[in-house]
Structures are given as C-alpha cells and as structure tokens.
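One structure is given below, encoded as structure tokens.
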Protein chains: 2
Amino acid sequence: RRYQGSPTGTDIECRGWRQEAVLRMLNNNLDPEVAERPEDLVVYGGTGRAARSWDAYDAILAELRELADDETLLVQSGKPVGVFRTHERAPRVLIANSNLVGKWDDWEHFHELEAEGKTMYGQMTAGSWAYIGTQGILQGTYETLAELGRQHFPDEEGLRGRTVVTGGLGGMGGAQPLAVTMNGGVCIAAEVDEDRIDRRIETGYCMEKTDSVAEAVERAEAAAAADESYSVGVHGNAADVLEAMLERGFVPDAVTDQTSAHDELEGYYPSGYTVEAADELRERDPERYVEESVDTMERHVDAILEMQDRGAVAFEYGNNIRGQVQSYTGRDDAFDFPGFVPAYIRPLFCRGKGPFRWVALSGDPEDIRRTDDAVLDLFPDDDRLARWIRLAREEVQFQGLPARVCWLGSRTDDEGVSERARFALKINELVADGEISAPIVVTRDHLDAGSVASPNRETEAMRDGTDAVADWPILNALVNCAAGADVVSVHDGGGVGIGNALHANNHVVLDGSDLAAEKARAVFTTDPGMGVVRHADAGYEEALDEAARSGVRVPMPP
Amino acid sequence: RRYQGSPTGTDIECRGWRQEAVLRMLNNNLDPEVAERPEDLVVYGGTGRAARSWDAYDAILAELRELADDETLLVQSGKPVGVFRTHERAPRVLIANSNLVGKWDDWEHFHELEAEGKTMYGQMTAGSWAYIGTQGILQGTYETLAELGRQHFPDEEGLRGRTVVTGGLGGMGGAQPLAVTMNGGVCIAAEVDEDRIDRRIETGYCMEKTDSVAEAVERAEAAAAADESYSVGVHGNAADVLEAMLERGFVPDAVTDQTSAHDELEGYYPSGYTVEAADELRERDPERYVEESVDTMERHVDAILEMQDRGAVAFEYGNNIRGQVQSYTGRDDAFDFPGFVPAYIRPLFCRGKGPFRWVALSGDPEDIRRTDDAVLDLFPDDDRLARWIRLAREEVQFQGLPARVCWLGSRTDDEGVSERARFALKINELVADGEISAPIVVTRDHLDAGSVASPNRETEAMRDGTDAVADWPILNALVNCAAGADVVSVHDGGGVGIGNALHANNHVVLDGSDLAAEKARAVFTTDPGMGVVRHADAGYEEALDEAARSGVRVPMPP
Ligand SMILES: NC(=O)c1ccc[n+]([C@@H]2O[C@H](COP(=O)([O-])OP(=O)(O)OC[C@H]3O[C@@H](n4cnc5c(N)ncnc54)[C@H](O)[C@@H]3O)[C@@H](O)[C@H]2O)c1
Ligand SMILES: NC(=O)c1ccc[n+]([C@@H]2O[C@H](COP(=O)([O-])OP(=O)(O)OC[C@H]3O[C@@H](n4cnc5c(N)ncnc54)[C@H](O)[C@@H]3O)[C@@H](O)[C@H]2O)c1
C-alpha cells in the first residue's frame with residue numbers, strides 16, 4: 001500500500017497547474033473515500049484500476065512532477081511509457097487503456113496479458129482519472145428519469161405524482177430511489193438483500209423499508225396522491241414483488257429494473273431463496289442455480305410486459321435482462337420493451353447533451369458552491385438543471401475532492417458559444433478573479449453522446465445500424481486532442497466488458513488563464529459537437545436540428 | 001467516374017498550402033497512374049479505397065477548399081462528417097477508417113456495413129491518402145534484404161556475390177528481383193504465371209526469364225562469382241523449382257517466398273498445373289484444389305527447410321506459408337524458419353527506423369531530385385541509404401506526383417534533433433529558399449515501428465508477448481496529433497484484414513514556414529520515438545540503447 005495521499009490547497013508540487021491537476025485527479029481516484037479497493041488500485045466496477053501497479057503509480061507521479069509545460073506524458077494501460085516535447089496548447093497526458101487488436105479483443109486474451117502485467121482494465125473513469133464517486137450514477141439516473149417524465153408526463157414537473165417500480169439497490173441501482181424522489185416522484189424498489197436496503201436508508205438514498213408489498217403499494221399510492229416524493233425498499237425477490245403488485249391490481253406509472261441480471265450466476269437471485277440459501281445453492285449446484293435464476297428472470301420480464309400492457313411505461317436499464325431471457329428461452333417478445341438509451345438518453349445525445357463534471361482542486365466545498373451558483377445563474381430557464389443542482393447541494397455528500405456533475409449540450413448563445421463552453425468560461429473567470437480558490441478540472445463519464453461505440457448500451461439500436469462502428473470514439477479523442485484538452489484517453493471495455501465498447505474521455509484544467517479559456521472554448525464545442533455530428537450522420541432529426549441551430553457543420557447530411 | 005484530376009504547380013485552390021496538400025494527396029491517390037481501380041475509388045490492395053463514394057469524394061474536396069487555417073475536418077471511413085474550429089498548430093484533417101468494436105470486428109460485420117454504405121475499407125495508405133505507387137514496396141523489400149545482408153554477410157557490401165531464391169512476382173513480390181539487384185546481389189524467382197515474369201522484365205524489375213532451373217542456376221552462379229548483380233524469373237511452380245535446385249545440389253545464400261500462400265484457393269497454385277488448368281480446377285472442384293494446393297505448400301516449406309539445413313538463410317516474407325502448413329498438416333516444424341519482421345525489421349524498429357516518404361506537390365521531378373541531393377548530403381556515412389537513393393533515382397519511374405521513400409530513425413545529432421526531423425527541417429529550408437518550387441508532404445506507410453499493432457506481421461512474436469496490445473497505435477495517433485501533424489489517421493485491417501491490425505498514419509506539410517518547422521521537429525521526434533518506447537517497453541536491448549543515445553525518455557525501463 002503506497003498511496004501518497006490526495007493533495008489539496010493552493011500550493012503545487014508540479015511545474016504547473018495542468019500537471020498538478022492530473023496528479024490530484026489520479027490521487028483522488030485512489031482516495032479511500034472514493035475508491036472501491038484502493039489497496040489494489042481498484043477505483044470501481046470490480047476491476048477498474050487507476051494504475052497498473054504501485055510502481056507504475058509512483059512513476060506516473062514522478063513524471064508528472066517533472067513534466068514541463070510543453071511536454072506530454074504517455075500512459076499505456078496504467079503505466080507511463082514515454083514523454084515527448086509537444087507544445088503548450090497540446091495535452092499534457094495521453095492515455096490508452098485495455099485496447100486489443102480486434103481478433104484478440106476478448107477476456108481470454110486480456111486476462112492472459114493482465115496476469116503477466118502487460119495490461120490493465122481501466123474501466124472508463126478509473127483509468128482516465130475522472131471518477132468522482134457515486135454522484136455520477138445518481139445524476140445519470142436523475143437525468144434518465146427526468147427525460148422519461150418529460151416525454152410521458154409533459155404536463156407535470158418531473159415525476160410529481162408518479163410512481164416508479166424497480167428492482168436492485170446495489171452499487172448503481174442504489175441511486176434509483178433518490179433519483180426518483182429528486183424528480184419529485186415515488187419509488188418502490190424490490191431488493192432481495194436486506195443489508196443493501198439498510199445501507200441506502202443510512203446514506204439517505206432511500207426513505208423506508210418493508211417486507212410487505214401491500215404496505216409499500218399503499219404508502220406509495222398515498223404519497224403519489226398527495227404529490228409528495230417518497231421511496232421505499234421492499235425486501236423480496238423482484239419477480240415475486242412485481243407479480244404480487246399485479247395480483248393486487250396495482251400498475252405503476254413506470255417500471256424498470258437494475259438487478260444484476262446481466263450475470264445469471266453471480267448477479268441475479270432466483271425466487272424462493274434467501275440470499276444465504278441462494279449463495280449456498282450456487283456453490284453446491286451452479287447448473288441448477290442458473291436454471292432457476294433464468295426461470296425467475298422470465299417471470300420478471302413477463303411481469304414487466306404485463307405492467308406495460310396495462311399502461312405502465314417500461315424500459316430496460318442496461319442490465320440485459322431482455323437479452324438473457326431471449327437467449328435462454330428464445331422468446332423474442334422479451335424485447336417488447338425498449339432499452340433506456342434509445343428511449344430516453346438518445347434524444348439528449350442528439351443535442352450533444354451529456355455529462356459535464358467538474359472537480360475543485362482546492363478541496364474546498366465552497367469552490368463547488370460558487371460553481372453551483374454560477375450554473376444556476378447562467379441557465380435560469382433550465383428547470384431540470386436547476387432542480388438537480390439545488391437537490392444535489394442538499395443530498396450529495398462529497399467523496400474526496402468536492403465535485404459536481406450536470407448535463408449540458410451543444411446549444412449556442414448569440415455569440416455562438418455552446419452551453420458547455422459558456423459554463424467552462426464562466427468558471428475560468430471565477431478562478432481568474434480569485435472567487436474560486438484554485439483551478440477547476442472539467443471532465444465527464446461514458447454515458448456520452450459522441451465518444452462511445454457500445455452496441456449493448458450507448459449505441460444500442462442506432463437508427464442506421466451503425467451500433468458497432470468505432471470510428472467515432474477515435475475521432476472524438478483526436479479532435480479533443482487537436483482542440484487542446486489537457487488529458488485525452490481512449491479505452492476498450494468500460495462497463496460492458498472487453499471487446500464490447502470503445503470510448504474516449506478528456507479533461508480540461510480551468511486555471512483562469514487565457515490559454516485555459518481557448519482550450520475550453522474549443523474542447524467544449526468539439527466534444528458535445530461530436531455527439532451532434534454522430535447522430536446527424538445516423539439520420540436523427542433532433543441532431544440535424546441541433547446542428548442547424550447551433551452552427552455545427554455537417555458536410556453530408558443524410 | 002467523377003475524378004477531378006490531380007492538380008500540380010504553385011497556384012492553389014484552397015485557403016492555405018496545408019489544406020491544398022491534403023487535396024493533392026487525395027487526388028494523387030486516385031490518379032489513374034497510381035490507383036489500381038480508380039473508377040471504383042480503389043487505390044490498392046484489392047479494396048483499399050480513398051473515399052467512401054464519389055459523393056463523399058466531392059464533399060471532401062469541397063470542404064478542403066473552404067477549410068480555414070484554424071479548422072479541422074473529420075473524415076469517418078471515407079466520408080466527411082464534421083468540421084470544428086481548433087487552432088493553427090493542430091491537424092487540418094483527422095481520419096478514422098474501418099474501425100469496429102472488438103466483438104464485431106470481423107469481415108462479416110464489416111461487409112454488412114459496407115454494403116449499406118456505412119463504412120469503407122481504407123487499407124493503410126489508401127484511406128489515409130499516402131499511397132505513392134510501387135516505390136513503397138520496392139524500398140521496403142530493399143531495406144529488408146539490406147538488413148539480411150548486414151546481419152549475415154557483414155563483410156560484404158549489401159548482397160554482393162550472394163544469391164537469393166524466392167517465389168512469386170505478383171503485385172508486391174514483383175519488387176523482389178530489383179530489390180536484390182539494388183543490393184548488389186543475384187535473384188532467382190520462381191513464378192508459375194509467365195505473363196507476370198514478362199511484366200517485370202518490361203518494367204525493368206527483372207532482367208531475364210527461363211523455363212530451365214539448370215540454366216537459371218548456372219547464370220546465377222556465374223553472376224555471383226563475378227560479383228555482378230543479376231535477376232532471372234524461372235517459369236514454374238516454386239515448390240518444383242526449389243526441389244530441382246536441391247536435386248542439383250544448389251543451395252542459395254538466402255531463400256524466401258512471396259507466392260500468395262496466405263490464400264490456398266485464390267492465391268497459391270498447386271504443382272502439376274499450368275495457370276489455366278489450375279484456374280479450371282478451382283472452378284470445377286475447389287476442395288480438390290485446396291488439397292493439392294496445400295500439398296504443394298508442404299513440399300515448398302520442406303524445400304525451404306532443407307535449404308536452411310544445408311546453410312541457406314531462410315525467412316518467411318509475410319505470406320503465412322508457415323501458418324498454412326501448420327494448420328493444415330499439424331506440423332509445428334513449419335515454423336522452424338522465422339518471419340521477416342522479427343528477423344530483419346524489428347532491429348530497425350527498435351531504433352525508430354521506418355518509412356519516411358515525401359511527395360513533391362509541385363508535380364516537378366526536379367523538386368525530388370533536390371531532396372535526393374539533400375538526403376545524400378545530410379547522411380554521408382549511411383551507405384545503405386546512399387545506395388538506395390542513387391539507384392532509386394535511376395530505376396524508379398514516378399507514378400503521379402513525384403515522390404521518394406527511404407528509412408530514417410530516431411538517432412539524434414549533437415543538438416538533439418532526430419534523423420527524420422533533421423531531414424524534414426532541411427527540406428523545409430529548401431522550400432523557404434525557393435530551391436524547391438512548392439511545398440513537400442512527408443508521410444509514411446504501415447511497415448512501421450511504433451504505430452502498428454499487427455500480431456501476424458509488424459508485431460509478430462514480440463519478446464514480451466504483447467503482439468495484440470493495441471494501445472500503441474492509439475498513443476501514436478494521439479501524440480502525433482498533439483505534436484501538430486497536419487493529417488492524423490487511425491485504421492483497422494490494412495494488409496492483413498479487418499480485425500487483424502490497428503495502425504496510425506500522419507502527414508506533415510513542409511511549406512517553408514516556421515510553423516512547419518515546429519511541427520516537423522515535434523512530429524519527427526514523436527513518431528519514430530514511439531517505435532523506440534514501444535520496443536524498449538517490450539525489453540529489446542537495441543531500443544533501450546537507442547533511447548539512451550537519442551534522449552528518448554522511457555520512464556519505466558523493464
Ligand atoms: N449505464 C447503464 O447501462 C447502467 C447503469 C446502471 C446499472 N446498470 C446495470 O444494472 C445492473 C445493476 O448494477 P449494480 O452495479 O447496481 O449491481 P450490483 O450487483 O451492485 O447490485 C445488484 C443488486 O440486485 C440485487 N438482486 C439480484 N437479483 C435480484 C432479484 N431477483 N430480486 C431482487 N434483487 C435482486 C442484488 O442483491 C444486488 O443488491 C447491472 O446489470 C448493471 O450493468 C447499467
Ligand atoms: N509486408 C509484408 O508482410 C508483405 C510484403 C509483401 C508481400 N507479402 C505477402 O506476399 C504474398 C504475395 O503478395 P502479392 O501482392 O505479390 O500477391 P499476388 O497475388 O499479386 O502475387 C502472387 C504471385 O505468386 C504466384 N504464385 C502463386 N502460387 C505459386 C506457386 N506455387 N509457384 C510459383 N508462383 C506462384 C502467382 O502467379 C502470382 O504472380 C502475399 O501473401 C502477401 O501478403 C507480405
């Protein structure tokens with residue numbers, strides 16, 4: 001264990017703030033408050049690492065401390081491999097993680113190389129040093145549900161008076177109850193593991209728990225009728241809980257699921273077992289476990305479909321429960337409800353909307369408070385954004401360096417400056433004026449418009465069938481490098497596993513300088529702009545409309 | 001057919017020479033003198049295209065004509081998809097061709113998308129607009145054989161007095177006799193198709209032909225004894241020709257092969273058939289064809305192994321004849337002779353040596369003559385380079401824009417400037433001084449040190465087993481973008497097919513300006529430098545030595 005600690009404050013160890021920013025982001029990723037298993041360099045997602053080894057970590061920090069303002073450090077799957085002279089406007093750090101040549105691009109070859117210390121799994125924000133704890137998933141879930149509300153209940157504010165039923169309160173799924181209540185709605189979440197419900201209640205992500213479906217439904221209906229936000233965890237198997245609701249004649253306004261259905265043996269629990277009994281069955285008779293697990297999934301999907309038939313809005317939340325049921329049972333009707341990206345996220349992607357997260361390098365929560373004020377000030381008409389920022393202020397506990405995330409897009413103002421650029425330039429001014437005590441780093445995650453090719457998630461069911469075309473993330477990385485982002489990275493795998501996605505990330509350091517302003521103006525036009533051109537090329541009307549409104553040049557519109 | 005012609009001269013249609021250079025390189029790729037099937041936009045390699053369609057071609061040219069000095073055009077698999085404001089030191093064009101997410105990264109998915117017009121096969125230099133005709137393969141073959149000479153016959157100048165036996169005088173293999181004679185040696189090449197031999201004789205690539213192995217061997221031995229360079233095509237099946245040589249007790253100094261053994265049905269010819277008879281058999285009974293073809297390959301490999309046993313230097317020239325025999329017969333001893341990259345090219349890669357090609361945008365051969373003089377002048381001690389340049393002047397007919405290629409590396413002078421940078425800076429001066437009439441573009445091909453991951457060719461049998469790690473080409477593209485190359489591209493497939501390789505390319509336009517000098521100095525340090533760091537990381541001593549000599553920073557030497 002050789003963690004060097006997460007520096008804060010206004011004194012720096014590096015030769016400039018842009019190098020210092022990278023050093024702090026890397027250390028923040030490994031902060032025990034932030035990382036899942038910092039002792040193994042694992043940040044999140046099971047095996048997503050920030051560096052290949054402690055030696056590599058030390059060497060990266062040493063290089064960053066020496067790096068000149070016109071030099072660029074190269075990091076290959078978590079290991080520093082070269083330093084070259086470039087120029088000041090160019091990135092300080094370039095990263096490529098976990099990439100394999102197509103024919104070898106699978107877990108088997110990856111694990112062989114990993115075992116020999118030749119590569120590392122970087123996930124998306126672990127190896128690109130952009131993880132900020134659970135706020136990211138909370139905001140993504142908030143945004144998805146807000147869009148659902150906008151589409152299906154346009155006359156309400158958010159999900160006010162609406163009830164959402166879901167399953168799974170794990171690492172990511174645990175964000176669901178809070179994301180629903182932040183949207184003003186009511187959430188009933190089925191979770192088989194009572195400890196998980198307790199943890200969500202302790203951290204304020206869920207309000208109450210119960211063993212009784214009847215009780216949960218009654219309380220939910222009462223809260224919805226009173227237009228009050230409310231959340232309750234129901235201790236039980238999601239398939240059983242949904243069936244019990246249907247038996248009672250209860251149909252929610254929306255239904256989804258975040259049990260770990262993508263893994264039929266290690267993730268999803270079969271009906272009829274406690275957690276302990278199921279764990280014992282998995283050990284003793286894994287084949288039988290899988291059989292029962294898949295049987296439960298089929299009932300689970302049937303219940304979702306039945307709720308949909310009776311009027312609920314149904315969608316899959318990226319856990320592949322539809323695919324599992326289809327491939328085990330051959331039932332194509334498992335896909336009779338849509339995935340969350342095509343349904344709710346893509347319309348935002350078409351407009352370049354996507355995650356924009358910023359981190360206060362000072363470590364001072366006051367700095368984030370100033371940015372919160374600034375964003376509310378800049379976009380006074382964006383209710384969804386305002387609701388998120390106000391609630392995030394109250395509900396989100398910072399982990400490691402104080403940070404914030406919200407979704408902004410390509411929409412330009414009268415001077416042709418995009419939403420993202422406008423906000424970044426405002427932050428940069430505040431840093432220049434000393435209103436913010438130290439530079440701010442802006443980065444994002446992978447649920448992004450123009451930097452991801454991921455046929456099972458971000459690019460599922462593209463209108464023109466180009467789900468697997470991987471030119472886009474590469475162009476995104478190259479154009480952000482050309483625009484002058486301070487860190488640019490390209491990675492294989494991320495949340496969907498080796499060979500299943502290619503994605504790119506970037507950081508821009510807002511240190512109050514004119515150079516930072518130039519970089520911000522360019523990167524925060526190109527980065528969301530890539531989302532617009534990618535979706536325009538695929539034939540989405542919203543993207544073509546956004547291109548026309550926001551001056552994004554599309555040479556060959558379809 | 002909507003080819004707009006290949007502009008030359010000193011007047012430009014674009015807003016700057018860097019845009020004009022790209023426009024001319026693209027058009028040069030499609031020049032009927034250069035391209036294989038220009039009417040289909042195919043430049044070389046069967047299906048390697050310069051643009052996705054004629055509409056896309058028109059649109060690319062239109063965008064280039066409008067592109068400002070601080071804008072960047074994005075090209076996605078041969079189609080222009082966006083234009084963004086970046087800055088002057090950044091690339092003008094960024095290209096990503098044929099890339100697919102790993103799990104879908106195969107011909108089947110590629111062809112589906114291609115049929116719908118959603119992607120294009122860009123090969124390596126076709127879609128990156130860097131093809132210069134057959135000079136490239138000639139020079140690569142020359143360099144390989146020169147290195148063989150250096151390693152095995154260190155006391156001779158090149159291959160003087162040495163005999164090389166090979167097979168195949170096709171598109172690439174046809175360069176072999178001339179590459180041998182340019183190295184001062186003697187070549188006997190077996191070719192079953194007499195027309196191919198005739199074509200090589202017409203174009204001056206081969207001197208004579210014969211049907212008789214005895215005659216070929218006699219003449220070869222006489223020439224070698226007299227230290228004269230000589231080449232002869234033997235009309236016959238390579239397996240038969242090699243066996244006949246062994247029967248006569250003839251063992252050459254070196255033996256290799258460039259028949260199309262990688263394709264047992266459409267490429268390689270079985271013994272006992274004329275070309276016509278074999279073509280007929282292929283139609284009538286493809287299974288029998290494959291059986292006989294593979295039988296012949298096995299005899300062919302046995303003959304090579306026998307020659308090796310009797311003292312010849314044997315190597316495979318990238319046609320996979322070893323792999324074919326191994327997979328069809330299970331004989332692992334097929335791999336008892338090495339591939340050409342590990343044997344001869346990798347030692348050069350370790351020192352950042354690789355292809356450096358430059359093109360005279362004026363169209364004036366005089367401009368290339370001046371660069372020839374300059375390179376001879378700059379590197380007076382490099383005999384291999386001098387021999388190549390002098391002979392290329394005499395033997396190479398320009399196709400399309402006049403061009404030259406040679407291999408240069410990372411080695412720095414007293415002021416820390418690499419070979420490649422030194423030469424580029426010299427050219428830039430000549431352009432500034434008006435000694436060269438219009439700007440020169442520098443680019444390269446794929447047989448390169450630090451920009452390719454290709455487990456069957458460039459990265460075959462890496463010392464540390466990292467053949468399939470694809471982080472390197474991505475870092476190469478990013479760092480060249482950061483250094484300010486004018487075009488940067490990343491592609492899947494190239495000469496070994498979809499899913500089998502990832503590689504990057506770049507162009508730098510030497511227009512005589514200070515900006516060009518800055519770009520050249522940076523790119524021609526980073527680009528060969530990536531070769532040094534990649535091989536240093538894999539544990540090659542030569543690379544670690546070169547890093548130490550030439551000031552290439554390797555943070556964690558193994
Ligand atoms: N961006 C996205 O696409 C996205 C976002 C969030 C989550 N997801 C997916 O959602 C799933 C959950 O992710 P996570 O990180 O929270 O996983 P996790 O393993 O941490 O949590 C899963 C939870 O589900 C519970 N569970 C399993 N089977 C159950 C059943 N039949 N009934 C009730 N509870 C059950 C488990 O006890 C556990 O608490 C994964 O499949 C993940 O890939 C995708
Ligand atoms: N960089 C590299 O790795 C590299 C470089 C050059 C060539 N190659 C490989 O070399 C091979 C040749 O390439 P090409 O472009 O010249 O192919 P090609 O198909 O144009 O030419 C092959 C020639 O071999 C002849 N031939 C086939 N079988 C024969 C036999 N049994 N005996 C005698 N002649 C025979 C054919 O008539 C033809 O002229 C390919 O497999 C290619 O991949 C690899």
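A search for side chain to side chain contact (heavy atoms under 4.5 Å, CB included) contacts involving K118(A) returns L113(A), E116(A), D464(B), T466(B), not counting sequence neighbours. A search for side chain to side chain donor-acceptor pair (under 3.5 Å) contacts involving E114(B) returns nothing, not counting sequence neighbours.
Between chain A and the residues N99(B), L94(B), D471(B), the largest count of heavy-atom pairs under 4.5 Å involves D471(B). For the options D105(B), L475(B), V75(B), T86(B), heavy-atom pairs under 4.5 Å to chain A are most numerous at L475(B). For the set A522(B), A482(B), P91(B), the entry with the most heavy-atom pairs within less than 4.5 Å of chain A is A482(B). Across V490(A), N480(A), L100(A), D106(A), the residue that shares the most heavy-atom pairs under 4.5 angstrom with chain B is L100(A). Interface summary for chain B: among T526(A), L502(A), T119(A), the most heavy-atom pairs under 4.5 angstrom belong to T526(A). By number of non-hydrogen pairs under 4.5 angstrom with chain A, the leading residue of N97(B), T72(B), D492(B) is N97(B). Comparing A483(B), P80(B), S454(B) by how many heavy-atom pairs each has under 4.5 Å with chain A, the most go to P80(B). Contact count versus chain B (heavy atoms, under 4.5 Å) is highest, among V552(A), L74(A), I60(A), L73(A), for L74(A). Of the listed residues H109(B), H87(B), E518(B), K519(B), the one with more heavy-atom pairs under 4.5 angstrom with chain A than any other is H87(B).
The closest side-chain heavy-atom distance from H446(B) to R457(B) is below 4.5 Å. Side chains of Q76(B) and V533(A) form no contact here, defined as non-hydrogen atoms less than 4.5 Å apart. Under the 4.5 Å side-chain criterion, counting only non-hydrogen atoms from C-beta, S128(B) is not in contact with V487(B).
Here the CH2-CE distance, from W472(B) to M530(B), works out to 6.0 Å after rounding to the nearest 0.5 Å.
Only the side chain of I474(B) has a heavy atom closer than 4.5 Å to any heavy atom of chain A. S98(B) touches chain A through its backbone: at least one of N, CA, C or O sits under 4.5 Å from a heavy atom, while the side chain does not. For chain B, no part of A536(A) is nearby; none of its heavy atoms comes within less than 4.5 Å. For D55(A), the parts sitting under 4.5 Å from any heavy atom of chain B are the backbone and the side chain alike. No part of V532(A) comes within reach of chain B, as not one of its non-hydrogen atoms sits under 4.5 angstrom from that chain. At a 4.5 Å heavy-atom cutoff, the contact between A468(A) and chain B is made by backbone and side-chain atoms alike. Interface remark: E63(B) contributes side-chain atoms only to the contact with chain A (heavy atom separation under 4.5 Å). The parts of N500(B) that come within reach of chain A are both its backbone and its side chain, each placing non-hydrogen atoms under 4.5 angstrom from that chain. Residue contact with chain A, scored on non-hydrogen atoms closer than 4.5 Å, involves the backbone of I95(B) exclusively.
Checking side-chain atoms of R553(A) against main-chain N and O of V83(B) turns up no donor-acceptor pair under 3.5 Å. Remark: side-chain polar atoms of D467(B) are not paired, donor with acceptor, to backbone N or O of E460(B) under 3.5 angstrom. Checked by atom type and distance alone, the side chain of R52(B) pairs as donor or acceptor with a backbone atom of G117(B) at under 3.5 Å.
R92(A) and D486(A) are not joined by a salt bridge, as no carboxylate oxygen comes within less than 4.0 angstrom of a charged side-chain nitrogen. Note on R85(B) versus D70(B): salt bridge recorded, some NZ/NE/NH1/NH2 to OD/OE distance being below 4.0 Å.
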